[in-house]
Amino acid sequence: MRILSGIQPSGALHIGNYFGMMQPAMELQNEGEAYYFIANYHSMTSLFDADQRRKNTTAVALDFLACGLDPAKAVFFRQSDVPEVTELTWLLTTLTPMPMLENCHSYKDKIAKGLKPNHGLFAYPVLMAADILIYDSNIVPVGRDQKQHVEVTRDIAVKFNMQYGETFVLPEPRIRAEVSAVPGTDGQKMSKSYDNTIEIFGEEKPLRKKIMRLVMDSRPPEEPKPDADQNIAIQLLKLFAPADLAQQTEDQLRAGGLGYGDLKKTLFEHYWNYFKKARAQRAELENNLDHVNQVLKNSAQKARALASTVLDRAKKNCGLS
Ligand code: ADP
Ligand code: TRP
């Protein structure tokens with residue numbers, strides 16, 4: 001079984017990325033051949049600062065490795081170190097109906113948020129399809145917002161297989177229901193583009209502040225809260241604290257008597273503690289960037305070897321060679 005996923009270096013990674021994609025991806029590295037990459041080509045659709053892209057790319061590599069991605073098990077590389085993927089993208093674009101891309105939520109959401117669409121942003125799902133198909137991937141661990149892109153990938157693969165003969169493996173998304181959309185500090189889905197994130201790594205003080213500023217209502221502590229399970233801090237606490245403790249806290253909030261300030265303090269402690277080991281690991285890796293770069297380079301060689309066999313197969317089947 002081959003598992004593949006990618007993450008854009010478009011900003012600091014947050015706990016939505018962690019629970020929605022990174023943690024499931026790291027668990028899957030023990031269950032098959034895992035290919036994980038930093039989607040730096042994709043980041044070009046919305047980030048236009050070269051230096052920032054370079055910095056973010058290193059940060060994503062450090063974050064992922066510190067959180068437990070094991071380069072002895074998973075192939076971990078930069079998307080642009082496998083340029084074959086852009087050639088496959090062209091082959092796929094010619095079989096991608098315009099309305100399929102026009103219907104993509106992610107594209108529509110970004111435009112609605114005021115992002116000026118470029119052709120790359122529109123064609124983004126086709127590059128993503130090439131990412132997935134070029135490694136004959138079976139399973140794609142992602143958060144819920146990426147499900148439609150994996151469906152687009154399947155549709156394009158089916159069209160190609162029908163038109164040019166059996167070429168691509170059909171992938172399946174792997175989405176964890178309980179963490180498919182981690183809420184941000186404002187209650188919307190947490191996202192780098194909504195300015196509502198809680199980062200995995202960062203300085204203690206500003207992160208504590210962010211958590212203490214989680215948006216709550218104005219009901220007094222003693223008032224019972226029948227909707228305690230909807231509270232953002234409770235939802236986040238469930239990610240970090242042992243299940244019985246999180247449940248106890250939720251029951252207390254429901255019954256009345258637990259103030260939001262105390263609840264947020266409890267949340268912060270568990271969150272901060274949760275990434276303690278990873279923080280130490282990250283500090284160590286930061287002093288060893290040569291090793292990190294070497295991992296990315298070696299992995300890219302492996303990824304490239306596989307990608308070129310699949311690209312050759314596709315080119316042969318559609319009459320290019
Ligand atoms: P962002 O929305 O912050 O830009 P990305 O689009 O780079 O995040 O997503 C990287 C991965 O993390 C994807 O698999 C995505 O589904 C997942 N992800 C992002 N935000 C969340 C969230 N709030 N809850 C669960 N998964 C998420
Ligand atoms: N579009 C994904 C995101 O924003 C990143 C990505 C690019 C990806 N290529 C991929 C994810 C291939 C899974 C498989 O999160």
Side-chain angles (χ1 to χ4, degrees), residues 2-26 28 34-47 53 56-57 59-60 63-64 67 77-80 82 85-86 88-89 92 101 104-107 109-110 113 115 120-121 123-154 156-157 171-200 232 235-236 238-239 303 307:
R2 193 164 293 136
I3 305 130
L4 172 127
S5 195
I7 194 154
Q8 293 190 66
S10 50
L13 299 188
H14 54 75
I15 59 175
N17 297 139
Y18 182 80
F19 289 103
M21 182 273 194
M22 297 164 70
Q23 195 187 49
M26 285 183 292
L28 284 166
Y35 282 70
Y36 300 137
F37 64 92
I38 305 174
N40 54 357
Y41 280 144
H42 275 107
S43 75
M44 296 186 74
T45 59
S46 58
L47 175 70
R53 187 174 352 272
N56 289 354
T57 302
V60 169
D63 289 0
F64 229 129
C67 284
F77 57 101
R78 278 184 220 100
Q79 186 183 29
S80 63
V82 186
V85 80
T86 60
L88 182 61
T89 301
L92 302 181
L101 297 180
C104 282
H105 306 303
S106 162
Y107 176 70
D109 289 352
K110 284 174 184 162
K113 288 247 147 38
L115 210 73
L121 188 72
Y124 179 116
V126 193
L127 175 58
M128 181 157 161
D131 286 328
I132 296 172
L133 299 176
I134 207 163
Y135 301 107
D136 283 342
S137 314
N138 306 104
I139 305 281
V140 184
V142 282
R144 194 164 61 203
D145 58 319
Q146 297 296 319
K147 181 166 180 254
Q148 191 184 28
H149 289 158
V150 182
E151 283 159 3
V152 165
T153 302
R154 286 176 65 95
I156 297 175
E172 270 176 45
R174 176 75 61 90
I175 297 165
R176 267 211 200 149
E178 69 289 5
V179 291
S180 60
V182 174
T185 52
D186 56 359
Q188 283 196 76
K189 177 198 112 90
M190 185 175 292
S191 170
K192 284 172 229 132
S193 17
Y194 302 164
D195 198 19
N196 64 355
T197 57
I198 299 170
E199 286 74 33
I200 304 172
I232 312 170
Q235 288 179 9
L236 295 178
K238 286 181 181 166
L239 301 173

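The model shown is predicted, which means the values in this text are computed figures rather than measured ones. Numbers here simply count residues along the sequence, with the first being 1. Both ligands and their constituent atoms are indexed starting at 1 by order of listing.
Nearest heavy-atom pair, K189 versus N196, reported as atom, atom and distance to 0.1 Å: O-ND2, 3.0 Å. Here the closest heavy-atom approach between residue V140 and residue P171 is recorded as CG2-CB, 4.1 Å. In plain terms, the two heavy atoms of H149 and Y124 that are nearest each other are CE1-CE2, 3.9 Å. Minimum interatomic distance between L4 and S137 (heavy atoms only, all atoms of both residues): CB-OG, 3.4 Å. Of all heavy-atom pairs spanning V126 and I156, the tightest one is CG1-CD1, 4.5 Å. Closest approach of T185 and I232 over heavy atoms only: O-CD1, 3.8 Å.
Of the polar atoms of H149, none of the N or O atoms is found under 3.5 Å from an N or O of ligand 2, judged by distance alone. Considering backbone and side-chain N/O atoms, G143 comes within less than 3.5 Å of an N/O atom of ligand 1. Remark: ligand 1 and H14 share an N or O pair separated by less than 3.5 Å (distance only, no angle test). In terms of N/O distances under 3.5 Å, ligand 2 is approached by Y124. Considering backbone and side-chain N/O atoms, M190 comes within less than 3.5 Å of an N/O atom of ligand 1. Note: no N/O pair closer than 3.5 Å links Q79 and ligand 2 by distance alone.
At a 4.0 Å heavy-atom cut-off, ligand 1 touches M21 through the side chain alone. If you look at L127 next to ligand 2, there are no close heavy atoms at all, none under 4.0 Å. Only the side chain of Q146 comes within 4.0 Å of ligand 2, counting heavy atoms alone; its backbone N, CA, C and O stay farther away. At a 4.0 Å heavy-atom cut-off, ligand 2 touches V140 through the side chain alone. Proximity of M22 to ligand 1, defined as any heavy-atom pair under 4.0 Å, is not found for any part of the residue.
For atom 9 (O) of ligand 1, the closest non-hydrogen atom on the protein side is N17 ND2, 3.5 Å. The protein heavy atom nearest to atom 9 (N) of ligand 2 is D131 OD2, 2.7 Å. From the protein, the heavy atom lying nearest to atom 24 (N) of ligand 1 is V182 N, 2.8 Å. Scanning the protein for heavy atoms near atom 7 (O) of ligand 1, the closest one is K192 NZ, 2.7 Å. Nearest non-hydrogen protein atom to atom 20 (N) of ligand 1 is K189 NZ, 2.8 Å. Scanning the protein for heavy atoms near atom 13 (C) of ligand 1, the closest one is Q146 CG, 3.9 Å.
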Checklist entry - What's the verdict on side-chain contact (heavy atoms from CB on, under 4.5 Å) for L92 and T89, showing C-alpha distance, side-chain angles and the deciding distance? => result CA-CA 5 Å; L92 302 181; T89 301; 5.8 Å; no

Checklist entry - Going through the distances and angles, do M128 and V152 end up as a side-chain contact (heavy atoms from CB on, under 4.5 Å)? => result CA-CA 9 Å; M128 181 157 161; V152 165; over 6 Å; no

Item to check | Worked verdict on C67 versus M26 for side-chain contact (heavy atoms from CB on, under 4.5 Å) | outcome: CA-CA 9 Å; C67 284; M26 285 183 292; 3.8 Å; yes

Item to check | Audit row: I3, Y36, side-chain contact (heavy atoms from CB on, under 4.5 Å) steps and yes/no | outcome: CA-CA 8 Å; I3 305 130; Y36 300 137; 3.5 Å; yes

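Atom CZ of R154 is surrounded by more than 12 heavy atoms from other residues, nucleotides or ligands within 6.0 Å. More than 12 heavy atoms of other shown residues, nucleotides or ligands fall within 6.0 angstrom of atom NZ in K110.
The heavy atom nearest to atom 27 (C) of ligand 1, considering only S191, G16, G11, is found in G16. Looking at S10, G6, A130, A25 and measuring to atom 6 (C) of ligand 2, the nearest heavy atom belongs to G6. Nearest-residue assignment for atom 15 (C) of ligand 1 (options D109, V142, D145; heavy-atom criterion): D145.
Of all the atoms in ligand 2, the ones that sit under 4.0 Å from a non-hydrogen atom of H42 are 7 (C), 9 (N). Close approach of ligand 2 to F37 (heavy-atom distance below 4.0 Å) involves ligand atoms 9 (N), 10 (C), 12 (C). Atoms of ligand 2 found under 4.0 Å from any heavy atom of L4 (numbered from 1 in listed order, with element): 12 (C), 14 (C). Close approach to G20 involves these atoms of ligand 1, each under 4.0 Å from a residue heavy atom: 25 (C), 26 (N). Near I132, with a cut-off below 4.0 Å to any heavy atom, the atoms of ligand 2 are 12 (C), 14 (C). Ligand 1 places these atoms under 4.0 Å from at least one heavy atom of I7: 10 (C).
Side-chain contact between N138 and R2: present, with at least one pair of heavy atoms (C-beta onward) separated by less than 4.5 Å.
Once rounded to the nearest 0.5 Å, the distance linking CD1 of I7 with CG of N17 reads 4.0 Å.
Counting only distance, with no hydrogens or angles, the side chain of R78 and the backbone of N40 share no donor-acceptor pair below 3.5 Å.
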